[in-house]
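What follows is a short report on a single structure.
What you are looking at is a predicted structure, and each value in this text was computed from that prediction instead of being measured. Whatever order the structure lists ligands and atoms in, that order sets their numbers, starting from 1.
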Amino acid sequence: MAAALNKEMFDLGMAPNAIRAMFEYGIDRAEEIGAENIFNYSIGNPSIEPPEEFNQAIIDLMNNMDALELHGYSLTPGDKGFRQAIAENLTRRFGIRADRNNVFITCGCTAALTICIKALTSKPEDEFIAFVPYFPEYRVFVETMGGTFVECEPDEKEFQINFDALERILNPNTKALIINTPNNPTGTVLREDVVKRLVDLLHRKEQEYGHAIYIISDEPYREVVYDDIKVPFFPNLYENTFVCYSFSKTLSIPGDRIGYIFVPDEIEDKYDTYKTLVGTGRALSFVCAPMFLQQICAKCLDVTSDIEVYRKNRDLLYGALIEYGFDVIHPDGAFYLWMKAPGGDADAFVELAKKYELLLVTGATFGDSKYVRLAYCVDEDMIRRSLPAFKKLAEECHLK
Ligand code: PLP
């Protein structure tokens, strides 16, 4: 490696990504034995089309909006009209007081998260807590932005919050907790009583330490939720909250890279906080998100892709896996199943599953090597075809 290169970035570039590796293995394997014989549960790419309103908005904008404006730079934190429309949407849905000065448009949740983390990091001692199992990029973002990444051990029974573990790791260096509900990879949604307990604990700790502890609420799956389960809206419950939202899964447009940060008026030093986000966006060059996407999404704030399709997939796959004897967490949202690896070794189980052309992702990627993740944002037909393979796998593991 050339001495001029940044070693940390080189190592990151070389580091394997288990999700991508399995996804690509699936593509190669499909070429060898036929796509219909591969059961690829590796990646969280939406499997349902964007809603009709999304396509219609594109046509309307192409016909009616000045092309130079449509494809021009927006303001640094995003188009005024789009930010105001988001604020009004949140006010309508959650009763919160908001206007465009509470909203900063980003290229998806990843940019939103990176901006929030960098905005809060002044020194290496600044700690960011994530709950095991967690989206693997959290560690990358925190460490690259110069903070310290801290894992909170899971509540293995329900994958809510292990408060004993959390109390053990909270300390005066704690800057923020990264919350992700509905969760990737478990599919769980934090219950109201758990959220209340969390908020009470953080208020107590803020008093004790004499400074703010932030919640960074990572919400790409806010709308991907089933059976009338309520997803907490943290700004109504906890002042020092950053919401990181994305349209990637809501509208099935992950490649279009659009989302936002929302900060409530009640956050400490709201004006300075917002300006810090703007400065951080500038430093990371995450400014002026694509105007075209901003204009389209402004017309789609009240619609989602057909989430019912994922609910059907969940019921089909969850029901079958439970019947075959697997130990699976019941998901309330997102489009993932979190399954205990029979024998307790996720890597070994993932290899065994490959024998049946079942492509799963090891939980080690998410900080817990006793579980595997299945992404069920796939064709229902693929799930049906894969069930005999799961049955054989269960038999080989002597589950019943
Ligand atoms: N956070 C979680 C938990 C995710 O699962 C994902 C994507 O899968 C992201 C963030 C990134 O989302 P975006 O496409 O909005 O950058």
Side-chain angles (χ1 to χ4, degrees), residues 17-20 22-23 41-48 50 54 78 86 103-118 128-142 144-145 149 151-152 154 159 176-190 215-225 231-232 234 242-262 281 284 286 289-290 293-294 296-297 300 304-305 307 310 331-338 361 363 365-368 373-378:
N17 176 329
I19 301 172
R20 293 263 147 204
M22 189 58 86
F23 180 64
Y41 287 100
S42 62
I43 204 163
N45 218 357
S47 58
I48 44 184
F54 185 83
I86 290 168
V103 181
F104 183 100
I105 309 299
T106 61
C107 287
C109 265
T110 41
L113 289 162
T114 317
I115 290 174
C116 293
I117 291 166
K118 179 68 179 167
F128 293 79
I129 295 175
F131 297 85
V132 175
Y134 51 81
F135 181 58
E137 299 311 282
Y138 295 160
R139 176 187 288 282
V140 176
F141 299 159
V142 170
T144 309
M145 294 304 121
F149 184 75
E151 291 184 352
C152 182
F159 288 94
L177 277 58
I178 306 174
I179 307 274
N180 171 225
T181 187
N183 183 267
N184 174 11
T186 64
T188 50
V189 174
L190 289 182
I215 286 180
I216 299 175
S217 181
D218 180 24
E219 305 192 357
Y221 302 99
R222 164 167 289 283
E223 263 65 72
V224 187
V225 68
V231 178
F234 278 99
F242 294 89
V243 170
C244 297
Y245 184 86
S246 169
F247 295 92
S248 291
K249 320 284 170 164
T250 306
L251 297 175
S252 303
I253 54 165
D256 291 340
R257 317 302 307 130
I258 191 86
Y260 61 82
I261 303 168
F262 174 81
L284 298 173
F286 290 163
L293 266 298
Q294 295 192 54
I296 301 167
C297 289
C300 296
T304 69
S305 297
I307 304 302
Y310 297 137
D332 293 320
F335 34 54
Y336 306 104
L337 279 176
W338 190 235
V361 176
T365 300
F366 306 94
D368 189 337
R373 187 192 79 170
L374 289 74
Y376 59 83
C377 41
V378 295

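With values rounded to the nearest 0.5 angstrom, C116 atom SG is found 9.5 Å from D218 atom CG. Here the straight-line distance linking atom CG of N45 with atom CD1 of I19 works out to 11.5 Å at 0.5 Å rounding. Atom CE of M145 is separated from atom CD1 of I115 by 10.0 Å, given to the nearest 0.5 angstrom.
Using a 4.0 Å cut-off to heavy atoms of N180, the atoms of ligand 1 that qualify are 3 (C). Set against the non-hydrogen atoms of N184, the atoms of ligand 1 under 4.0 Å away are 3 (C), 4 (C), 5 (O). Interface of S246 with ligand 1, defined as ligand atoms under 4.0 Å from a residue heavy atom, comprises 13 (P), 15 (O).
Using a 4.0 Å cutoff on heavy atoms, Y221 counts as a contact of ligand 1. Judged by the shortest distance from any of its heavy atoms, P220 lies inside the 4.0 Å radius around the atoms of ligand 1.
Shortest contact from atom 11 (C) of ligand 1 to any protein heavy atom: T110 CG2, 3.6 Å. The closest protein non-hydrogen atom to atom 6 (C) of ligand 1 is F135 CZ, 3.5 Å. For atom 1 (N) of ligand 1, the closest heavy atom belonging to the protein is D218 OD2, 2.6 Å.
The part of K249 lying near ligand 1 is the side chain, judged by heavy-atom distances below 4.0 Å.
Within the 6.0 Å centre-distance limit, the rings of Y221 and F335 are counted as a close aromatic pair.
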Note to self: Using the rule given for ring pair (Phe, Tyr, Trp, His ring centres under 6.0 Å), can you reason through Y336 versus F366, listing the C-alpha separation, both sets of side-chain angles and the distance that settles it, and then say yes or no?
What the structure shows: CA-CA 13 Å; Y336 306 104; F366 306 94; 7.8 Å; no

Next item on the list: Might you work through the ring pair (Phe, Tyr, Trp, His ring centres under 6.0 Å) test for F159 and F131, ending with a clear yes or no?
Entry: CA-CA 9 Å; F159 288 94; F131 297 85; over 10 Å; no

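For ligand 1, the polar-atom distance check against R257 finds a nitrogen or oxygen pair separated by under 3.5 Å. Residue Y336 places no N or O, backbone or side chain, under 3.5 Å from any N or O of ligand 1.
With hydrogens and angles left out, the side-chain atoms of E223 and Y245 include a donor and acceptor closer than 3.5 Å. Side-chain polar atoms of S305 and Y310 form no donor-acceptor pair below 3.5 angstrom.
The residue from C109, P182, G44 that puts a heavy atom closest to atom 13 (P) of ligand 1 is C109.
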